[in-house]
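Residue numbers start from 1 in every chain, and the chains themselves are labelled A, B, ... in the order their sequence lines are given, proteins ahead of strands.
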Amino acid sequence: MKEKPYDFREIEKKQQKRWKDAELFKTTDDKDKPKFYGLDFFPYPSGAGLSVGHCRNYIPTDVICRYKRMKGFNVLHPMGWDAFGLPAENEAINKKSHPKKTVPTYINTYKRQMDTIGIGYDWSREINSSSPEYYKWTQWIFELLFKRGLAYQDFSPANWCPKCKTVLANEEVVDGLCWRCDTPIEKKQLPQWFFKITEYAERLIDDLDTINWPDSIKLMQKNWIGKSEGAEVTFKSESGEDIVIYTTRPDTLWGVSFMVLAPEHPLVEKLCSPEKREEVAEYRKLAERQSAIDRQSTDEEKTGVFIGAYAISPLDGRKIPIWISDYVMMGYGTGAIMAVPAHDERDFAFACKFGIDILPVIKRVDGMSKTIVPISCDIEDGLKGISFKKDEKYYYIHFAEKDAERVIDLIKGALSEKDFAPVVGTKWGIITKGEFNEWTSFEKGRELLEIVKSFDSSIKAGLLMEYYNTIDFFKDILFHTDKGQLINSDPMVMAFSGSEAKTKVIEYLEERGLGHGTVNFKLRDWLISRQRYWGYPIPIIHCEKCGAVPVPEDQLPVMLPDVENYVPTGDGRSPLANIPEWVNTKCPICGGDAKRETDTMGGFACSSWYFLRFTSQHRDDVPFDKELANYWLPVDLYVGGAEHAVMHLLYARFWTKVLYDAGLIDFIEPFYCLKNQGMVLVETPHKQLIKEDGTKTKDYVPITPEEEAQMDPGDVTYKFTKMSKSKKNVITPDAMAEQFGADSLRVYELFVSPFEEAIMWSNDGMIGASRFVNRVWRILDGYRDRFDKDYAGKIDEEIAQNKEAKSLRRKLHQTIKKLDSDINDFKFNTGIAMVMELLNEMQAFYNKLGETGKSAVFSEVCENLILMLSPIVPHMADEIWEDYGFEGFTLDMPYPVCDEEAAKDDEVEIVIQILGKVRAKISVPADTTPDEMEKLALENETIKGLLEGKTIVKAIKVPKKLVNFVVK
RNA sequence: GGGCGAGUGGCGAAAUGGCAGACGCAAAGGACUUAAAAUCCUUCGGUAGCAAUACCAUGAGGGUUCGACUCCCUCCUCGCCCACCA
């Protein structure tokens, strides 16, 4: 027999052509079959092309889709292009080209690369979000939202990126910087279009329970939506204005020491006293100028101004000073808060900074004496602290902060008389080795403190001794709990404690008409306007008489006009505003002169419904076929990076719910199962960052290979980072397919680490994967001429005679079972490891078989190996399949099924332990009963010897696993 | 500051209460070869020992259990996400 070399370049090209010619991946809408919809995140086609990082996303989805197809599912596995939006436009500007030209080129590259690694997409359903056929329907959905009152225009201070010259959504602002170009964001007052996603906040939280997503992503969405329950309370100012505040801690109402409004709060103007007017105006100006980053920083000292006005407490008629400060934000709640320094850390810090009187705590911690027994709570010679006993351990807490006196006052207030019961005078002490040592003098105490300070914190824990120099420890007691009994409040509510107190106070307020319970969300409405060219025009016509009118459906799409110069002007208007012949139009209602909306929509609109379009991409009369959408959706498997946790995934869920409400679909969530693949990191040269004064910092920055070549090798450090074009460290799938083959690349990415974990790209690992693939080929090809299709009838005879054949067959069926369940669980790495074990056994068997030996079992193993590997190494599988004389494609074959009988072990090795330590191992028939196992264990010579003179108290027996003797 | 996750050989990793290190990489030895590559066959956590074997070992310390990488408590380190949301 002539050996056929594994020429993967030739083979992969050939099989890809066969697949294409046979339209192998074309999906039919056969509604009788169970369906499987596998989808990858909608990629933005960039000039950089695909990297092996993208493949980490596409390969596993492809494996699952191929596997599901072999399992008899009707599989939909489409791909499309998120081609509209800022990234595409910015890239085109940089290249001094037009996105209309660059986008198709990039798409072609992506498609070619995806085909190169053998991803089985149904290209007949390809979608390009920048094509009028697609964006017509995105505009249609905009109008649907508009008609349902979910799209509105509003003047608002928007996040403005001066470099991208556009407004950004909250989600697109990262650390106060533009998520694309890292430019600090400014605030700019502009008329903007919003989607009312806040109306769906509750459902967006609740429905998370119905989908199978990673917990971390669900949690991120929950935190982003940020539901909190509390109350709105109305205070009257001295001048008679109503000031409504929002609080989540109505139970602390009687502790209101002052009040804070957001600087831009509309009442500030009215309330401000004449003599404070100037100061207030100045502060407001300052706050306005501050960029998003300053305002969000927690480290900043609190700033604020007293506006010279007072509110009257509706509870007791007390005068409450009103302040403004930028730690209160207009966008959340009512933009006004009641400040309770005794129970809120920020209010406390503010009160300390400005010397505002603090009312005592109004909630006393229940049963504090059970957990904390203060020994002393005083201030002595500048040393401020509290000693106490907790859980039988002694602690001393020293407050180094300048407001320690006030903290200690509050703590005293939070303790009841009985908490102080064991206190004897002002007894100072310190605990070492669990012993309480009284401080005989201040010097002695200081000395001990110094020693303790120098201890490593782990040692401190070991000594039952802890030292704090902050108020951290009491945060839980004072600021971060609603536990405790109400005190210093109205007698009507004082009987209550814990979270019940909160409910009762809300009732108290509602009865007296002072306020009511309410729910607030951190989520803001979704800002969709972009003052940029490369997006689809918002289909609205502004008429002076009729207002904002949606473009009639039969006039959709509103085509994006062709313009030569699309570079943003930076005046806050889109380039479309400079095309009068496009802007000027007639009102669809009254026929009078009107102007088109010139803003375009952000790219997230396109990706908020594309998964629906794939089901019926051909329809030009509806956005999607309702029946087909209901058949295919929700998506059964959605794979992509975790970085889209809040933006895309939240918007797509929102639109799906809107479409459901409009009766267009029958499901409430778009993606049933979500998986996040790990990143691919690559070793990249870095240099140490040197400060201006020449000192070295701890930070390293990546450098390009050219920079590396110019540097002293000693100064270069290698670290694993994400691939990026600017670092010039991108590894492309094309290069890997050329060097090792697409099938080897697929194996490498699946095998090297668990699916969710980041992988450190390694060429050696790639070689290992390629070695495995080659080995599979060599064995299968080597047996090609001896392969016997009619092996089935000859198996029984062979395994009866040949123990090794039986054992190999067992391994085969165990592997089928393991790989099958591992693919289902996304545990590709261990599944492939098991195939490697099978291959090792095959190799040993094959070696014994020699050049000419034949085996029915080996034929069975070969056929099943080809089929079970088909989703993973499809090119090779189909090539060998042909070589073995089979017709058609492995993808059309049923996936191998485990023969449970064949997979059963005859004998198992059990471990014999004495007191949990392994002392012997014996091999027993698999069906040995626990009692027989014990008997056999006791007969073992080694065990006999070790048990000599000992009494067996108990024998723990685990079938097929172990016997453990507990002895005395 | 808050939340989530992780920490196991020289390296990527396996084992989710039952033999720690499957599988792979790297390394070492052998076979084949004029030679190299490739391939095939071995060895491969540490300490002691010729060996059988024994002891140690899953970030550190404690606990639960007949038995802990796995569960609980305390601490350390790293990563990611969020961050003045009243």
Side-chain angles (χ1 to χ4, degrees), chain A residues 174-175 214-217 219-220 222-224 226-228 230 245-249 252 260 295-300 302 325-329 331-340 343-347 349-350 391 456-462 464 466 472 475 480 520-524 642-643 645-646 679 747-748 751-754 756-760 762-769 771-772 774-775 778 827 829-837 839-840 843-844 846-847 909-918 920-921 942 953-956 958 960-967:
Chain A
V174 179
D175 290 338
D215 288 340
S216 57
I217 302 286
L219 200 69
M220 278 192 217
K222 262 185 204 161
N223 290 342
W224 186 266
K227 180 177 175 174
S228 66
I245 61 97
Y246 173 72
T247 177
T248 52
R249 290 295 304 276
T252 63
V260 188
R295 190 123 179 211
Q296 274 170 12
S297 163
T298 329
D299 307 331
E300 296 287 314
K302 296 255 180 303
S325 170
D326 64 5
Y327 84 93
V328 175
M329 279 161 300
Y332 183 77
T334 59
I337 63 157
M338 63 173 201
V340 185
H343 293 280
D344 185 279
E345 207 181 338
R346 293 151 305 179
D347 297 345
F350 193 84
D391 299 340
D456 185 68
S457 47
S458 60
I459 300 172
K460 272 187 264 170
L464 308 180
E466 292 189 17
D472 282 359
K475 272 186 192 167
H480 294 293
N520 252 302
F521 297 94
K522 287 187 206 173
L523 184 72
R524 311 288 157 81
E643 68 276 9
V646 280
M679 286 187 292
V747 168
Y748 171 67
F751 175 69
V752 71
S753 120
E756 302 84 3
E757 297 293 318
I759 64 175
M760 321 287 155
S762 119
N763 216 51
D764 285 339
M766 191 65 230
I767 291 169
R771 202 176 290 164
F772 164 72
N774 273 278
R775 219 164 136 214
R778 254 194 322 278
K827 285 156 76 176
N829 57 334
T830 49
I832 292 173
M834 184 78 172
V835 179
M836 285 171 171
E837 283 180 48
L839 194 67
N840 289 340
Q843 179 82 57
Y846 183 79
N847 289 351
E909 192 178 55
I910 64 162
V911 171
I912 308 168
Q913 297 181 328
I914 296 173
L915 286 172
K917 283 199 187 277
V918 180
K921 294 171 187 178
T942 321
V953 182
K954 205 159 89 178
I956 286 128
V958 182
K960 293 187 186 180
K961 289 254 164 74
L962 62 76
V963 178
N964 185 15
F965 294 110
V966 186
V967 297

Ignoring the backbone of [X], work out which of [options] is nearest its side chain.
| X | options | value |
| --- | --- | --- |
| Val752(A) | G12(B), A20(B), C25(B) | G12(B) |
| Met329(A) | G18(B), A14(B), A86(B) | A86(B) |
| Val328(A) | G24(B), A86(B), C25(B) | A86(B) |

**Q.** Whole-Å distance separating the CD atom of Glu643(A) from the P atom of C80(B)
**A.**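 So the CD-P distance, Glu643(A) to C80(B), works out to 13 Å.
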
Q.
Tell me the interatomic distance from Asn964(A), atom CG, to C19(B), atom C1', rounded to whole angstroms.
A. 12 Å

Give a yes or no on whether a donor-acceptor pair under 3.5 Å exists between the nucleobase atoms of [N], that is its base, and the side chain of [X].
| X | N | answer |
| --- | --- | --- |
| Lys921(A) | C19(B) | yes |
| Lys302(A) | C84(B) | yes |
| Gln913(A) | G18(B) | yes |

Q | Face-on cation placement of Lys302(A) at Tyr327(A) ring, 6.0 Å and 45° thresholds | A |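 Positive - Lys302(A) is close enough to the ring of Tyr327(A) and near enough to its axis.
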
Q: Report the distance from atom CD1 of Ile912(A) to atom OG1 of Thr942(A), rounding to the nearest 0.5 Å.
A: 8.0 Å

Given that both distances must come in under 3.5 Å, which nucleotide forms a Watson-Crick or G-U wobble pair with [N]?
| N | value |
| --- | --- |
| C71(B) | G63(B) |
| G12(B) | C23(B) |
| U34(B) | none |
| U47(B) | A54(B) |

**Q.** Note, Ile337(A) side chain near Asp344(A) side chain (heavy atom, < 4.5 Å)
**A.**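 They are not in contact (no side-chain heavy atoms under 4.5 Å apart), so the answer is no.
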
**Q.** Sub-4.5 Å side-chain heavy-atom contact between Val752(A) and Glu757(A)
**A.** no

Quick one: is [N] close enough that its OP1 or OP2 comes under 4.0 Å of any side-chain N or O from [X]?
| X | N | answer |
| --- | --- | --- |
| Arg778(A) | A38(B) | no |
| Arg775(A) | C40(B) | yes |
| Asn840(A) | G24(B) | yes |
| Asn847(A) | C41(B) | yes |
| Tyr327(A) | A86(B) | no |

(Q) Say we look at A14(B) and G21(B): how far apart would their P atoms be, to the nearest angstrom? (A) 15 Å

Q.
Rounding to an integer number of angstrom, what distance separates G7(B) and C56(B) when you compare their P atoms?
A. 24 Å

